[in-house]
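Below you'll find the structure I mean.
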Amino acid sequence: MINSPVVVDNYADNSLDQYGFSLQTNWSVSDSTFIVAGYEFNNDDLDAQSHVHTVGDTPAMPTMPSMHIDTEKQGFFKGAMTTHALFASAETNLVDTVTLSYGARYTYVKTDMDDIHGYKVYNPSNTTPQRPFNPDQELGKAGKQHDDRVVFNAGLVWHPVNDLALRANWAQGFRAPLLQERYIATSMGSTSTTLGNPDLKPETSNNFEVGARWMSNSIMLDAAMFYSKAKNYIQALPISSSLSRYENVGEATTYGLELTGSYEIKSIGLEPYVNLTLMRRQFDYGNVETYKTATPAVIARYGFRWNGEANGLGLHADAYARTISKTEYQDPSATARSDSSYRLGGATTFNLTGGVTFGDQKQYGLDAGFYNIFDKAYREQTAIYEPGRYLAVKLNAKF
């Protein structure tokens, strides 16, 4: 008898209604100081269904014969995430060549998972033990919470000569956990389940950057070094061979270098360009420190942009490649019997985008993109492969 491998077939029907509102005011306090202040509101309403069909044969063990799995699990999810933010930022020209920027932002986020329910069916061909259905573990648990924080930022820009700008920036960061990270158990794109964690704390960070930009008639060169220290970094961590859970990593330290360059051939509207990021990230779990954090050391995008006009229409195109290096992850709780560490290879994809803008003020646009043209199979995480060759079309309007 030939055993068939276990196959997990996931189906999701998700509806996410998003709407928002923003109000911005501009103030000129003096000849040297300009202030922007306002309010933002965003709301995401989630109404989702999931269906997971698991079928196949378990491998035979010395003390246990192979068994046939055939189960179906249905889940229903309904929730909302609401964000309110008040912000103010200012720029002050200290002298003709030096500008100081500074600001503050208060963010309040409410997550409300109204309802999670579902059921599990063991089909007649199933021969595995029929365990009681645990909806809290297999689907997630409803709940509501809120998080809020004030963050600040400041920066300096100095123009020692006309074409050169030197900058130094500091900014605090704040990110509240998403609905899925807090409440929803999912196995989409994987044979294992990732559990939500209602005890998650928001991520907070301090971010620093020093950089320089040179801009002449046709050449743009930019280099920046960055450093970020994050607390309560949110990451899905394995807790067994078949289960992961979103957890707060004690600390995450990220640093690196960003390089950008372009040369505009104005006579034909063509601009070769390159963006390169070199980065390292360390997780500190308290008892384990590691740089094996599934973070690519190199991310690059390079290609040719083109801009032009014809019959009053704005035209643009971009032919580019995107490269990421290999990644490696170390399971901080690995044992001789259970180790979820992994390695993933790097990849390069080739892409082509283009579009047209029209209207009296070019307020309308139609864009199309042909991505991963050569249908490269690759993963940036273990759960699921990135999309193969695909086409996307987008219509834009500004009011």
Side-chain angles (χ1 to χ4, degrees), residues 15-47 78-94 98-114 142-157 165 167-184 196-211 224 226-235 246 248-249 251-252 254 363 396-399:
S15 173
L16 183 64
D17 295 329
Q18 299 176 302
Y19 57 90
F21 169 79
S22 64
L23 175 67
Q24 179 176 307
T25 60
N26 301 327
W27 304 78
S28 181
V29 179
S30 66
D31 292 339
S32 61
T33 299
F34 184 78
I35 297 176
V36 175
Y39 164 77
E40 292 179 355
F41 167 80
N42 289 284
N43 188 82
D44 298 339
D45 284 326
L46 175 68
D47 189 355
K78 189 174 182 63
M81 183 170 181
T82 305
T83 303
H84 302 268
L86 294 169
F87 63 89
S89 60
E91 284 190 358
T92 298
N93 294 321
L94 302 180
V98 179
T99 301
L100 172 67
S101 61
Y102 46 98
R105 180 185 180 93
Y106 170 73
T107 304
Y108 175 94
V109 181
K110 180 182 179 183
T111 53
D112 189 352
M113 201 70 205
D114 296 322
K144 60 177 65 177
Q145 295 188 52
H146 76 270
D147 305 286
D148 67 323
R149 192 174 181 88
V150 179
V151 295
F152 301 92
N153 65 83
L156 274 175
V157 178
R167 66 184 185 272
N169 298 304
W170 162 74
Q172 294 180 312
F174 168 75
R175 185 180 82 83
L178 304 176
L179 287 173
Q180 176 177 318
E181 293 169 337
R182 263 196 172 137
Y183 304 113
I184 300 175
N197 183 352
D199 296 325
L200 284 177
K201 300 175 183 178
E203 292 180 8
T204 58
S205 63
N206 280 284
N207 311 285
F208 304 88
E209 180 194 73
V210 291
F226 59 88
Y227 176 88
S228 175
K229 192 80 167 181
K231 292 184 178 180
N232 298 318
Y233 190 84
I234 298 172
Q235 178 87 353
Y246 287 105
N248 288 116
V249 176
E251 288 187 349
T254 306
Q363 69 270 37
N396 308 299
K398 296 179 182 178
F399 301 99

(Q) For D31, I'd like to know if atom CG has over 12 heavy atoms of other residues, nucleotides or ligands within 6.0 Å. (A) no
Q) Can you find a side-chain donor-acceptor pair between Y106 and D148 that sits under 3.5 Å? A) yes
Q: Indicate the atoms forming the closest heavy-atom contact of I35 with A90, along with that distance.
A: CG1-CB, 3.8 Å
Q) Is there a donor-acceptor contact under 3.5 Å from the side chain of T83 to the main chain of F41? A) no
Q) Can any side-chain N or O of N93 pair as donor or acceptor with the backbone N or O of T99 at less than 3.5 Å? A) no
Q | Non-hydrogen side-chain atoms of I184 and E181 separated by less than 4.5 Å | A | no
Q.
Check this for me: E91, atom CD, are more than 12 non-hydrogen atoms of other residues, nucleotides or ligands nearer than 6.0 Å?
A. no
Q) Is there side-chain contact between K229 and E251, with at least one heavy-atom pair below 4.5 Å? A) yes
Q: Give the minimum heavy-atom separation between L179 and G79, together with the two atoms involved.
A: CD1-C, 4.1 Å
Q) What is the minimum heavy-atom distance between P202 and P177, and which atoms define it? A) CA-CD, 3.9 Å
Q: Would you give the length of the straight line joining atom OG of S101 to atom CZ of F34, rounded to the nearest 0.5 angstrom?
A: 13.5 Å
(Q) Using side-chain contact (heavy atoms from CB on, under 4.5 Å), reason through N42 and T82 one step at a time and then give a plain yes or no. (A) CA-CA 6 Å; N42 289 284; T82 305; over 6 Å; no
(Q) Between T25 and V36, is there a side-chain heavy-atom distance shorter than 4.5 Å? (A) no
Q.
With a 4.5 Å cut-off on side-chain heavy atoms, are R167 and E209 touching?
A. yes
Q) With no hydrogens and no angle check, do the side chains of D45 and N43 hold a donor and an acceptor under 3.5 Å apart? A) yes
**Q.** Euclidean distance, N153 CG relative to N169 CG, rounded to 0.5 Å
**A.** 8.5 Å
(Q) Checking the side chain of Q145 only, and the main-chain atoms of P198 only, is there a donor and an acceptor separated by less than 3.5 Å? (A) yes
(Q) So, taking the atom named OH in Y233 and the one named CG in N248, what distance separates them when rounded to the nearest 0.5 Å? (A) 11.5 Å
Q: Assess the side chains of Q180 and Y246: does a donor N or O sit below 3.5 Å from an acceptor N or O?
A: yes
Q) Does the side-chain contact (heavy atoms from CB on, under 4.5 Å) test come out yes or no for M81 and M113, once each step is laid out? A) CA-CA 8 Å; M81 183 170 181; M113 201 70 205; over 6 Å; no
Q) Is the backbone of L200 close enough, under 3.5 Å, to the side chain of R182 for a donor and an acceptor to pair up by distance? A) yes
Q. Which atom names give the shortest non-hydrogen contact between Q172 and N207, and what distance separates them?
A. C-ND2, 4.1 Å
Q: Please step through side-chain contact (heavy atoms from CB on, under 4.5 Å) for the pair Y39 and F21, ending with a clear verdict.
A: CA-CA 8 Å; Y39 164 77; F21 169 79; 4.2 Å; yes
(Q) A side-chain contact here means heavy atoms from C-beta on lying under 4.5 Å apart; do D147 and R149 qualify? (A) no
Q.
With no hydrogens and no angle check, just 3.5 Å: does a side-chain donor-acceptor pair link N206 and W170?
A. yes
Q.
Could you tell me if the side chain of F87 sits less than 4.5 Å from the side chain of T107, heavy atoms only?
A. no
Q. Going by atom types only, do E203 and N232 share a side-chain donor-acceptor pair under 3.5 Å?
A. no
Q | Considering all heavy atoms, the nearest L156-V98 contact | A | CD2-CG1, 3.8 Å
Q. Considering residues at least two apart in sequence or located in another chain, which fulfil the ring pair (Phe, Tyr, Trp, His ring centres under 6.0 Å) criterion with Y108?
A. H146
Q) Do you see a donor-acceptor pair shorter than 3.5 Å between the side chains of T33 and T92? A) yes
